[in-house]
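Atom set for the values below is all heavy atoms of this structure, side chains included, hydrogens, waters and symmetry mates excluded. As the structure lists them, so they are numbered: ligands from 1, and atoms in each ligand from 1. None of these values were measured; they are calculated from a predicted model.
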Amino acid sequence: MRKIALLTSGGDAPGMNACIRAVVLTALHYNIEVYGYQHGYHGLIGQEYRRLRAKDVLNIIQRGGTILRSARCHEFKTEEGAQTAAKNLNALGIEALLVIGGDGSFRGAQHLSNYWDGQIIGLPGTIDNDIAGTDATIGYYTAIETAMDSIDKVRDTADAFERIFLVEVMGRHAGFIGLNAAVASAADQVLLPELFKDSENTVTDILAHIEGVKARRGDSSYIIVVTENLWPGGVTGLAEELNSRSGIECRPVILGHVQRGGSPVAQDRLLATRLGAHAVEIARSGATGIMVGEHHHQVVTVPFAQTWAERKALDPYLITIMESLFDLLQRP
Ligand code: F6P
């Protein structure tokens with residue numbers, strides 16, 4: 001193998017740079033040239049690439065974002081878009097393309113495989129952790145840390161003013177960040193898409209829980225973690241409803257893209273490094289159409305289609321712990 005290419009696509013995630021570094025250094029070890037495409041699949045279509053050498057990946061392991069930039073590319077989903085990308089990869093003599101991104105990026109990779117004969121290997125990079133076949137995705141651990149740290153800070157002001165706070169976290173349609181950040185920050189309540197039933201009952205249950213917690217603790221501060229895209233109308237509407245029905249001041253806080261930034265925590269750097277190095281190893285062995293992930297601390301490979309075929313489940317034990325903690329919080 002002589003030439004491989006690499007891109008980052010979709011929502012950026014802390015640890016993408018660590019993964020780029022691992023891919024480049026491992027490939028150079030085998031005397032394989034690495035070409036980095038800028039702006040995800042856009043760069044493949046527009047031929048935005050540059051050769052990546054060891055000096056390009058110096059001092060990046062600790063940086064958030066991605067030195068290759070990222071994008072969501074609608075043009076690439078068309079037949080013409082993928083054909084142009086295939087032509088460009090062939091013109092450069094690329095034998096394998098490594099894609100760091102989430103499930104949309106892997107669907108893009110699968111689409112490209114209909115038009116390009118080279119090898120394609122995926123690396124799971126998203127804060128949402130919503131990719132089946134891998135226990136964790138690159139960026140997920142840092143996002144939990146950021147959300148937890150922010151909720152800790154919100155707790156200070158919630159306590160001072162005895163207010164209810166609703167903290168909206170990212171996750172797209174999955175509750176991984178929400179569940180883990182809520183448990184780690186000892187939030188009083190969490191709303192997750194995997195467990196959500198209906199709005200009216202949820203409000204009634206929360207109000208009863210707030211009353212129980214208030215009776216037990218003697219104050220009205222209360223933190224609810226809410227996953228984005230869950231509450232109809234968003235957390236601001238829910239805050240207003242809780243405010244009017246409980247009589248306690250209630251404030252919404254949307255953490256937003258702050259969860260995508262920052263220096264990756266050690267777990268993300270290590271995951272990114274292991275997966276990046278392994279992706280090059282398996283590219284050399286001729287693998288294609290797969291994602292490299294991690295399961296029970298072992299590196300695994302998973303066909304692209306399996307990464308989105310089923311909804312990845314939250315840790316049931318953590319849910320049980322969370323529910324019993326919430327129950328204990330309000331007992332007299
Ligand atoms: O997939 C990562 C993610 O940050 C999601 O958590 C969020 O729903 C989405 O991307 C936001 O996308 P954008 O940056 O395009 O607004």
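The residue from Met170, His257, Arg260 that puts a heavy atom closest to atom 10 (O) of ligand 1 is Arg260.
Ring geometry for Tyr35 versus Tyr49: interplanar angle over 60°, hence perpendicular rather than tilted (30 to 60°).
Of all atoms in ligand 1, numbered sequentially from 1 with element shown, those under 4.0 Å from a heavy atom of Arg72 are 9 (C), 10 (O), 11 (C), 12 (O), 13 (P), 14 (O), 15 (O). The atoms of ligand 1 that sit less than 4.0 Å from any heavy atom of Gly171 are 6 (O).
Residue contact check for ligand 1: Gly102 places no non-hydrogen atom closer than 4.0 Å to it. Residue Gln259 places every heavy atom at 4.0 Å or more from ligand 1.
Nearest protein heavy-atom neighbour of atom 7 (C) of ligand 1: Glu228 OE2, 3.3 Å. Taking atom 6 (O) of ligand 1 as the reference point, the nearest protein heavy-atom neighbour is Asp128 OD1, 2.6 Å.
Side chain of Ser70 to backbone of Gly40: no donor-acceptor contact under 3.5 angstrom is found.
Proximity of Leu98 to Val280: side-chain heavy atoms (C-beta onward) are separated by under 4.5 Å at one or more points.
Side-chain polar atoms of Asp159 and Ser221 form a donor-acceptor pair below 3.5 angstrom.
Taking 4.0 Å as the cut-off between side-chain N and carboxylate O, Asp103 and Arg172 count as a salt-bridged pair. Under a 4.0 Å N-O distance rule, the pair Lys197/Asp205 does not qualify as a salt bridge.
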